[in-house]
Enquirer: 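This is the structure I have questions about; it appears just below.
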Amino acid sequence: MDAAPIGTHQQKDGIRLHGVPRHASEVTMAIDLLDNGTMGCAFFDSRDDSLQLAEDVPLASVEVSKQFVTHAWPTSLLVSSRAPSQLLNYLQESWRSPQSGVRTLSSSAFSAPAAIERLSTWVTDQQPSMLSELGVALEPGASQPSQNDEETPPSACSWLDTGERITYMAVSGRNCNVSLGCASAVFSEIRRRALMTHNSSPELWSVRITSIKIFNLASYVVIEPGALQALQIIEPDLHPNSHYWGGSRQSQDEKQSLSIYGLFQNLAHTTQGRTKLHNIILRPVSDMAIIETRQRAISLLLRPQNADQATLRNFAAQALKLRDLVNDLSSDCDGGFIRTTSLMFDRGSLMAVGELINNTLDFERSELSGRPTVRPGHDETLDRLRRDYDGMSNLLEEVVKRTIHAAPQWAATYIKSCVFLPQLGFLIAVEFDPASEKGKYTGDDRDDDYWQQNFIADGLAHYKNEDMRYLDEQFGDVYCEIADREVDILHILSQKVLEYREALSSASDACGDIDAILALALAAEKYKWKIPEVTAEIGTLEIVKGRHPLQELVVSSFVPNGCHLDGQRPGQDRLACMLLTGPNHSGKSVFLKQVGLIVYLAHIGSFVPAESAKIGITDRILTRMSTPESVCRQESAFAIDLKQLQSMMKHSTPRSLLLVDEFGKGTNSDDGAGLLVSFLEYLQTLPDAPRSVVATHLHDIVDCHRFPREAGFHLCFMEILKGRQEDAITSHITYLFKLRDGSSSDSLGCHCATLNGVPDAVVERARVISLLLGRNEDIKVPCAKLSADEELHLQVAERVARRFLEENFHNAQNEKIRLHQGIRDALQSVLSLC
């Protein structure tokens, strides 16, 4: 999606892949980093056959490459061999695709002149208007720059072969020279795959691009892959509140597979619309003009007087009607998306195409036959062939009567019919004789007529005789002639339609734009979302009664919660960080994702699930919410968490949003608490701290460390209600899922274990150990486990002790025996048990 408002881009004629296997989300990307630190990027998206080039980024770090990757989500990633090894290592480490990996190409493949040379070969006379998308201006007579990319002047973009001379092309105020070299690598990769897949010759291989776009990363919100996964933006994932262990479940409690894109996808009704919608959702923008334009378009479609327009379904097939409706809408709109989109419908061209198709095709017959059928009266030759074919049944009846009359009387009953089969011609069908494996009549009695058996089917033997051969010569294969003639007519029609390809492409693009915006509007109406106020104020985040757009779909009732983080206000303390505590299962993670999704939706121009929202422009959404572990990664889970935290500290700005969930749980609780407190103190020391929402179970940091509101911290917790059960020692817990000011020291881990089906014996043992730890008692003895020898030794000792206690030492007859012999005998009896 270009940085320009949706609907303002007009697709041009250009390059479509022929013979190249297409994937629903096939994106080929190339990245290059020169020695002077300039990074460029280009990618080809098969969803809309668009070539997109980035403005070159000067003095770029290798981490900028991740922003390019998350912008396009490529299925194939190419890197120049001249790029620093750090770039290749970084991409291999931070990006792993299940479909393909990072490949290194020779630096010669990254050639800006080669890219323009290929474009000049594939793009036809519409080329100047197509290349104008890049801001490229033709400058005849300009000198040709050096072939060395690094020595190319900053204003030089590429060359164009006009057929007479090499013409120098410049970019007005925009430098994309490195990115054009990346485009050359993309073309080479697509060509290589085409040749490997189809083993075709280079002469037969061609490419077609429907649009060329240029983008700047500064116009988009930076979203890392971990954030997209944690917030469930594109890829469906199990709902966050669906984890369960054992026990029985109700059907409504089953795990749900949802995503933000999935909410909108079914509301778009065209392929173009779903493609545009995918790009909008995947690439949130930080340009307020684009956001406000989309919001106005959604608001316009949701007006009661425009309800009919907002419920259009098949507008792609009714482009003229849609154009009229768009014009009606634009009369009520103060410019922007709707008015600009209406200009993309060329009424004259669309009417001409409609007239061509309507005069050529018979839609009723096409629907019945399942293939395009030419209208009667359009072509005399085709009509004659059809009359011959339609009259074939009468001719066949006459032929079979003549054949029966010429045959012996005994054979008349065996001749069943005369048939016409495409590509086989006319045939006589005779009853089949299994004994002889021939027909019961084969024309042997006629010396002047040779009957040739062709095949056997349905108990009939089919023969060619002289009459059938004569009919073949007279009528030929009428059916195939009809099909061939229709193919010729349809080919002529396609050539005439292609004369209006630019107008059709623009209309198709506009239909996709409107369909995508319409999907956003339908979602806002369906889920009762409200328009947010997007402001340029730094650090502002005020959400009133916000909801999680996915969670509320899978629960019987959802408790809304707000989030209030203040921006920079003169003379007032800035509240930049919300520190959230509360028991397990109380909704902390859902709240964090809810805040992130509301901010995300606001930056794609959508309405949001809240009663009201005021959101400052965000440049990055950084998360430490999920740990993407893999056997390919050589870090521990805690090391991955630390890298996510380090990335937050390094890349966050006053306009960023930080979401941290349960940091420190992967190591010793003391170390985890210390690192979390240090991170919070680091945020406190920043003059313009980013907006942060931090959830934790390390309650000691709240009890032992002061996080005053004056220092920018807002302490909150998720409320629960405890009640005593009549027949139980433990308390009955009710989760209210309500956000309250203050802090909580309850975790209720054992209670959550019971709710999730953990065996009672395990839970009770956990309660005992937890109680001892809570009293600061030594748990070595209660948790000690004896070996088998130690258990046997204690059992023997127990038997000896019990036998000793049972012995009566007062039965001796005299004092001497009682004191000496009797005691000795008794002890020997007891010790014999050892």
Enquirer: Between Ser286, Ser656, Ser652, which is the residue that forms a side chain to side chain donor-acceptor pair (under 3.5 Å) with Asp619?
Expert: Ser656

Enquirer: Counting only N and O atoms by type, is there a donor-acceptor contact under 3.5 Å from the side chain of Thr540 to the main-chain atoms of Ile615?
Expert: no

Enquirer: Decide yes or no for Cys563 and Met578: does some side-chain heavy atom of the first lie under 4.5 Å from some side-chain heavy atom of the second?
Expert: yes

Enquirer: Using the rule given for side chain to side chain contact (heavy atoms under 4.5 Å, CB included), can you reason through Leu553 versus Leu263, listing the C-alpha separation, both sets of side-chain angles and the distance that settles it, and then say yes or no?
Expert: CA-CA 10 Å; Leu553 300 180; Leu263 294 182; 3.4 Å; yes

Enquirer: Which atom names give the shortest non-hydrogen contact between Ile280 and Ala516, and what distance separates them?
Expert: CD1-CB, 4.0 Å

Enquirer: Do Arg624 and Asp641 have side chains that get closer than 4.5 Å, going by heavy atoms?
Expert: yes

Enquirer: When you measure from the side chain of Ser179 to the backbone of Ala42, do you find a donor-acceptor pair of N or O atoms at a distance under 3.5 Å?
Expert: no

Enquirer: If I compare all heavy atoms of Gly546 with all of Phe558, which pair ends up nearest, and what's the gap?
Expert: O-CE2, 4.1 Å

Enquirer: Please tell me if the side chains of Ile617 and His603 come closer than 4.5 Å, counting only heavy atoms from C-beta onward.
Expert: yes

Enquirer: Within the distance-only criterion (no hydrogens, no angle test), does the side chain of Arg655 pair as donor or acceptor with the backbone N or O of Gly616 below 3.5 angstrom?
Expert: no

Enquirer: Determine yes or no for a side-chain-to-main-chain donor-acceptor pair under 3.5 angstrom, with Tyr600 supplying the side chain and Leu228 the backbone.
Expert: no

Enquirer: Are the side chain of Lys588 and the backbone N or O of Gly582 linked by a donor-acceptor pair below 3.5 Å?
Expert: yes

Enquirer: Please determine whether side chain to side chain contact (heavy atoms under 4.5 Å, CB included) holds for the pair Val57 and Gln67, giving the CA-CA distance in whole Å, both sets of side-chain angles, and the decisive distance to 0.1 Å.
Expert: CA-CA 12 Å; Val57 180; Gln67 300 178 30; over 6 Å; no

Enquirer: Using every non-hydrogen atom in the two residues, find where Gly605 and Gln295 come nearest and quote the distance to one decimal.
Expert: O-CG, 3.6 Å

Enquirer: Quick check for you: to the nearest 0.5 Å, what is the distance between Ile604 atom CD1 and Arg283 atom CZ?
Expert: 13.0 Å

Enquirer: Run the side chain to side chain contact (heavy atoms under 4.5 Å, CB included) check on Val559 and Leu736 step by step: do they pass?
Expert: CA-CA 8 Å; Val559 179; Leu736 302 180; over 6 Å; no

Enquirer: Ignoring hydrogens, what is the shortest heavy-atom contact between Phe591 and Val693? Give both atom names and the distance.
Expert: CE2-CG1, 4.1 Å

Enquirer: If we ignore hydrogens and angles and just use 3.5 Å, is the side chain of Gln594 paired with the main-chain N or O of Asn561 as donor and acceptor?
Expert: yes

Enquirer: Once you round to the nearest 0.5 Å, how far does CG of Leu550 lie from CD1 of Ile233?
Expert: 8.0 Å

Enquirer: Which value, rounded to the nearest 0.5 Å, describes the distance between Leu51 atom CG and Thr28 atom OG1?
Expert: 11.0 Å

Enquirer: Do the side chain of Asp515 and the main chain of His269 share a donor and acceptor less than 3.5 angstrom apart?
Expert: yes

Enquirer: Given side chain to side chain contact (heavy atoms under 4.5 Å, CB included), test Ile531 with Ile298 step by step and report yes or no.
Expert: CA-CA 9 Å; Ile531 183 171; Ile298 294 172; over 6 Å; no

Enquirer: Does Ser606 reach the main-chain N or O of Leu520 with its side chain, forming a donor-acceptor pair under 3.5 Å?
Expert: no

Enquirer: When rounded to the nearest 0.5 angstrom, what is the spacing between CD1 in Ile281 and OG in Ser259?
Expert: 8.0 Å

Enquirer: Looking only at heavy atoms, which two atoms of Ile212 and Leu53 are closest? And how far apart?
Expert: CG2-CD1, 3.9 Å

Enquirer: Hey, could you give me the CD/NZ distance between Glu611 and Lys530, rounded to the nearest 0.5 Å?
Expert: 8.0 Å

Enquirer: Hey, which of Leu658, Val660, Val694, Leu565 is the one that makes side chain to side chain contact (heavy atoms under 4.5 Å, CB included) with Cys577?
Expert: Val694

Enquirer: Hey, does the side chain of Arg620 reach the backbone of Val222 with a donor-acceptor pair shorter than 3.5 angstrom?
Expert: no

Enquirer: Measure the shortest side-chain to side-chain distance between Pro74 and Val69 over non-hydrogen atoms and say whether it is less than 4.5 angstrom.
Expert: yes

Enquirer: Identify the heavy atoms of Leu657 and Gly596 that sit nearest to each other, and give their distance.
Expert: CD2-CA, 4.2 Å

Enquirer: With heavy-atom distances below 4.5 Å as the criterion, would you say the side chains of Ser46 and Val27 are in contact?
Expert: no

Enquirer: Would you call the rings of Tyr220 and His71 parallel, tilted or perpendicular, taking 30° and 60° as the class edges?
Expert: perpendicular

Enquirer: Output the distance between atom CD (Glu537) and atom CD (Glu542), rounded to the nearest 0.5 Å.
Expert: 8.0 Å

Enquirer: Judged by modelled atom types alone, do Ser589 and Asp661 share a side-chain donor-acceptor pair under 3.5 Å?
Expert: yes

Enquirer: Taking C-beta and beyond as the side chain, do Leu518 and Leu301 meet within less than 4.5 Å on heavy atoms?
Expert: yes

Enquirer: Less than 4.5 Å apart, any side-chain heavy atom of Glu224 and any of Thr623?
Expert: no

Enquirer: I'd like to know if the side chain of Gln232 reaches the main chain of Leu258, judged simply by a donor and an acceptor atom lying under 3.5 Å from each other, with no hydrogens or angles considered.
Expert: yes

Enquirer: Once you measure the plane-to-plane angle for Phe215 and Phe43, does it fall in the parallel (<30°), tilted (30-60°) or perpendicular (>60°) bin?
Expert: tilted

Enquirer: Does any part of the side chain of Leu597, heavy atoms only, come nearer than 4.5 Å to the side chain of His548, both counted from C-beta?
Expert: yes

Enquirer: Other residues, nucleotides and ligands only: do more than 12 of their heavy atoms fall within 6.0 Å of NZ on Lys738?
Expert: yes

